[in-house]
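Here's the structure we're looking at; comments come further down.
Every heavy atom of this structure was used, including side-chain atoms; hydrogens, water molecules and symmetry mates were not. So you know, we letter chains A, B, ... as the sequences are listed, proteins then strands, and number each from 1.
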Amino acid sequence: NAGVTQTPKFQVLKTGQSMTLQCAQDMNHNSMYWYRQDPGMGLRLIYYSASEGTTDKGEVPNGYNVSRLNKREFSLRLESAAPSQTSVYFCASSVGSANTEAFFGQGTRLTVV
Amino acid sequence: AQKITQTQPGMFVQEKEAVTLDCTYDTSDQSYGLFWYKQPSSGEMIFLIYQGSYDEQNATEGRYSLNFQKARKSANLVISASQLGDSAMYFCAPPNYGGATNKLIFGTGTLLAVQP
């Protein structure tokens, strides 16, 4: 009954360091998403993968890269972390039809100092 | 350009009363839908309800219902008999933003506080 699993749950980076956030879903979903949520704000789409083998930019893609490794996994990479990337990151997945909801992971709290 | 508008940054409601949260999706698409999600202070995102523009009846899920007005392109969330546990952020989102398949973009949200 795992659903969407994100690792790690917490991370502190120094400015300029790189890291990859991992996301995996076990629901055989076609679409996967990465969002960031700054304090007191809404969710902003970073990148999404509408289906295995495709990735597209969202609202705030700069400073990030993604890989849809297979149908289950969708990773988010920060090549050179900046304090402005301090945020909570959510991964989500959905079947990919218009009327089916997305399921979310528990989030990764990232702090860049 | 497509735009999702939630005009109420914050709202108060008395316990046991009903409350309506607004969401408008300015789109040129003839067929569209809107999801509503809840995010309590613990941070998880919880799906509440969905309706498509061609659904004939307003969607209902327990105490949640949608007041879908196709001409205004709005799908307002109605929570009946508010409970303290309804205090949370509420977000709406169309499933195919700007006509892009499966592009899920959220509105800015409404913070609801239920008062005893």
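Interface remark: B:Gln51 contributes no atoms to any contact with chain A (heavy atom separation under 4.5 Å). Only the side chain of A:Gln106 has a heavy atom closer than 4.5 Å to any heavy atom of chain B. With a 4.5 angstrom heavy-atom cutoff, B:Tyr37 touches chain A only via side-chain atoms. Contacts of A:Ser31 with chain B are made by side-chain atoms alone, with heavy-atom separations under 4.5 Å and no backbone atom involved. Of the two parts of A:Thr100, only the backbone, made up of N, CA, C and O, holds a non-hydrogen atom closer than 4.5 Å to a non-hydrogen atom of chain B.
Between A:Glu59 and B:Phe106 there is no side-chain heavy-atom pair separated by less than 4.5 Å. Taking the side chain as every heavy atom from C-beta outward, B:Tyr32 and B:Lys70 approach each other to under 4.5 Å. The shortest side-chain heavy-atom distance between B:Asp22 and B:Ser74 does not fall under the 4.5 Å cut-off. Taking 4.5 Å as the limit, some side-chain heavy atom of A:Ser94 sits within range of a side-chain heavy atom of A:Tyr33. Side-chain atoms of A:Leu69 and A:Ser75, non-hydrogen and from C-beta on, do get closer than 4.5 Å to each other.
When the candidates B:Leu104, B:Thr101, B:Leu111 are compared by the number of heavy-atom contacts under 4.5 Å with chain A, B:Leu104 comes out ahead. Comparing A:Ala92, A:Ser49, A:Gly96 by how many heavy-atom pairs each has under 4.5 Å with chain B, the most go to A:Gly96.
Between the OG1 atom in A:Thr111 and the CZ atom in A:Phe10 there is a gap of 9.5 Å [rounded to 0.5 Å].
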